[in-house]
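A quick write-up on the structure given underneath.
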Amino acid sequence: MTEKLDQDTRSIDHSRLAVLYRVSQILGTSLDQDVVFNQVMDGVIELTKAERGFLALIDPDTKEITIRAARNFEGEPLTQEESESGSTSVNHSLIRITLEQGQGLISTNTQKEARTVNQESAVIQNPRSSMCTPLHWSGMVIGAIYVDNGIRRRIFKPPELELLSAFATQAAAVIANALLYAQVNQNLSSRIADLETLAQIDQQLNTNLDFNHVVETTYHWALQGTGADDGWLALCEPSEPGSNEPKLKIVAGRDKGQILNKSDPMAVRFLEKRSALDDNAGAEQPKEAKAYNFHATEDNPARLVIPILIAGRFIGMLSLERSTDFPESASQFLNRLVTHTGIAIENARLYQAVQIANETKSKFVSLVVHELRIPMTSIKGYNDLVRQGVAGPVTEMQQSFLNIIRNNVDRMAALVSDLSDISRIEGGRLKLEPVLTKLKSHVDEVVRGLEHEIKEKQQTLEIDIPDNLPPIFADPSRVVQILYNLVSNAWKYTPDAGKIIIRAFILDDMVQIEVEDSGIGINAEEQKKLFTQFFRSENPAVSEQPGWGLGLNVTRNLVELMNGRIGVQSTPGSGSKFWFKLPIHN
Ligand code: ADP
């Protein structure tokens, strides 16, 4: 009889071990939390043949216990209600004690169990036999597996707990992996979301170098990305003459325009560090800015402060506030934001400085232009009067000297006019009056003006403009100026007896005008510099000719201001073809 019992127990043990082996096999095939929890519960039910099984996990920070999966005997998931309802409620006390003691427990008669006496659910009409085993992983208890039966059905015995505990050891590792994977995944998703935001910010910052736009965008994203209610962004201004200390001025957010230096303790601290840096003692200064996270107190809101550094140099700071503490993720976002926008802020500031310098230059040029024009007009006028003999008879030699004066004044006038145009174009003050106008008449006007010079060099001029060419939409006097620049260059840079062709035709809804010559041409390297200010070729044939290298720059600006395009094709020694196109519609 005893032998028979022993045999039975052995065969039960044997078959249970086989089940343990089988159910353990399915674990670890997935890293998905829900799949893993389900696999564990399937294994638990198959192994214990319990009526119900539960997987409880403990939050490592809050120590809160939550049921993450539940199963009935048929292997069907249980709803929250089914798990918690009345007499069949999960035995939470047993789970808690298991977690505290870190050991498996069996509760055979819940009604009498001291541990469950205080629990409402233990006031039992339908007492249950329960078994609970902890999930150990890496020296910690991460949760527990709990199973139960109505006692009339079956009462759990110690060998079954051993088997469940053996399974739990393997399940714990798989669950821990899945939890870790979910955590990494979540961190990764929030990092990707951060990177996407930063890419969006970069895009917004890079499309515009306007200083106000850059600081406002930075401030806006700082508020949005950290969940702050209020704050400010301050930047260092150059120090006053005689003082070494830069001024920190708020450029976006609350109290915009205010100077901060002494009024904010963090500002004082950063400014002190900055002067240490100026004395070359700043080796310990971090190259990347880190946010300081201050908790909210009864009197003060929570505050997040970060210095803005460029290569370790302090250029400003961002301060953000809100009524509740900032999470660590807000500090991290701010660190990344400031690293990105610091450079954009510095670029915008440099750009602003360049713009101011440019404006000053433009103002100076327009002043000089104005001051030169008055004496030039009078030199030219009196020279003409003397030449015409109004002031008495003029000898041949005097006439030739007066002609030289006249030519040089004309050259100066052309230079002054180009400078004046450039300063007005750069300052956005050049007013154009486009109308629908016939190109042919402008070409004729330019050719009339240069006829004499072209004849002198015995050059041939060919004009090829169809009569039915539609009018162009452009400023007539500027069209003349463009044509004059290109045709006079063709004349200047083409040797005697060369050829110049002016042609026009319709191309892609625009009129294309070409000025082709058989002149000296321009090499590929120099073609890249054409149309820039003061460019003149190194070709000796160019230096023989008067010029400043401004005409083509003005020409390009005028064409573009009239919504046109300009370009060149040239072969050194054979000639050049300058083309430009202008619209035919308003
Ligand atoms: P400038 O003629 O006063 O030097 P431009 O701006 O009109 O100034 O022209 C700039 C330079 O481009 C010239 O100095 C010359 O080197 C080159 N260039 C312009 N037009 C021609 C041309 N038709 N053939 C050869 N080189 C030219």
Side-chain angles (χ1 to χ4, degrees), residues 365 369 372 376 407-426 430 442-443 446-447 449-451 453-454 456-464 477-504 512-562 564-581:
V365 170
V369 162
L372 283 176
M376 260 176 11
N407 284 344
N408 280 293
V409 172
D410 280 350
R411 281 179 56 193
M412 275 177 74
L415 169 67
V416 166
S417 158
D418 279 351
L419 284 176
S420 156
D421 280 347
I422 286 175
S423 107
R424 280 194 285 168
I425 288 166
E426 285 182 352
L430 188 81
H442 305 311
V443 172
V446 170
V447 167
L450 285 165
E451 214 164 25
E453 284 84 351
I454 292 174
E456 258 186 357
K457 282 180 97 172
Q458 292 135 32
Q459 293 168 331
T460 30
L461 175 71
E462 197 180 304
I463 300 172
D464 178 8
S477 67
R478 296 300 178 177
V479 173
V480 170
Q481 189 178 346
I482 294 165
L483 282 167
Y484 187 87
N485 272 335
L486 297 183
V487 179
S488 68
N489 275 351
W491 162 74
K492 269 201 296 190
Y493 302 116
T494 300
D496 289 4
K499 189 171 183 185
I500 301 170
I501 307 168
I502 305 170
R503 65 171 83 79
Q512 171 138 332
I513 302 121
E514 295 179 352
V515 179
E516 191 176 341
D517 64 52
S518 60
I520 57 172
I522 310 148
N523 67 39
E525 205 43 47
E526 291 193 322
Q527 281 180 38
K528 291 182 199 151
K529 300 181 204 148
L530 271 179
F531 306 107
T532 61
Q533 281 176 21
F534 301 108
F535 167 75
R536 300 206 79 205
S537 164
E538 309 225 319
N539 189 330
V542 169
S543 27
E544 280 168 17
Q545 298 293 333
W548 307 93
L550 290 175
L552 282 183
N553 180 257
V554 173
T555 301
R556 188 195 65 189
N557 277 302
L558 292 176
V559 170
E560 287 175 358
L561 281 171
M562 293 192 286
R565 304 280 301 280
I566 190 166
V568 69
Q569 285 146 18
S570 183
T571 314
S574 301
S576 313
K577 183 161 82 182
F578 283 81
W579 59 263
F580 66 101
K581 41 188 174 183

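Since we're looking at a predicted model, the values are computed, not measured. Counting starts at 1 for both ligands and their atoms, following the listed order. Just so it is clear, the values below take in all heavy atoms, side chains as well, and ignore hydrogens, waters and symmetry mates.
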Less than 3.5 Å apart, N/O on ligand 1 and N/O on the protein: could you list those pairs with the distances?
from     : atom 1 : to     : atom 2 : distance (Å)
ligand 1 : 2 (O)  : Asn489 : OD1    : 3.3
ligand 1 : 2 (O)  : Lys492 : NZ     : 3.0
ligand 1 : 2 (O)  : Tyr493 : OH     : 2.7
ligand 1 : 3 (O)  : Trp548 : N      : 3.0
ligand 1 : 3 (O)  : Gly549 : N      : 3.3
ligand 1 : 4 (O)  : Tyr493 : OH     : 3.2
ligand 1 : 4 (O)  : Arg536 : NE     : 2.6
ligand 1 : 4 (O)  : Arg536 : NH2    : 3.3
ligand 1 : 4 (O)  : Gly549 : N      : 3.4
ligand 1 : 6 (O)  : Gly551 : N      : 3.2
ligand 1 : 6 (O)  : Leu552 : N      : 2.8
ligand 1 : 7 (O)  : Asn489 : OD1    : 3.4
ligand 1 : 7 (O)  : Asn489 : ND2    : 2.8
ligand 1 : 8 (O)  : Gly549 : N      : 3.4
ligand 1 : 14 (O) : Tyr493 : OH     : 3.4
ligand 1 : 14 (O) : Arg536 : NE     : 3.3
ligand 1 : 16 (O) : Ser537 : N      : 2.9
ligand 1 : 20 (N) : Asn489 : ND2    : 3.4
ligand 1 : 23 (N) : Asp517 : OD2    : 2.9

Legend entry - Side-chain H-bond candidate by donor/acceptor type, Gln459 with Asp517, under 3.5 Å: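 Note: Gln459 and Asp517 side chains miss the donor-acceptor criterion.
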Residue list, side chain to side chain donor-acceptor pair (under 3.5 Å) with [X], at least two apart or on another chain:
| X | value |
| --- | --- |
| Ser423 | Arg429 |
| Lys528 | Glu525 |
| Thr494 | none |

Legend entry - CA sep, side-chain torsions, deciding dist, call: Glu426, Gln533, side chain to side chain donor-acceptor pair (under 3.5 Å): CA-CA 12 Å; Glu426 285 182 352; Gln533 281 176 21; 3.0 Å; yes
Inset, instruction - For the pair Glu560 and Arg565, find out whether any cationic side-chain nitrogen is under 4.0 Å from an anionic carboxylate oxygen. - result: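 No, no charged N to carboxylate O under 4.0 Å.
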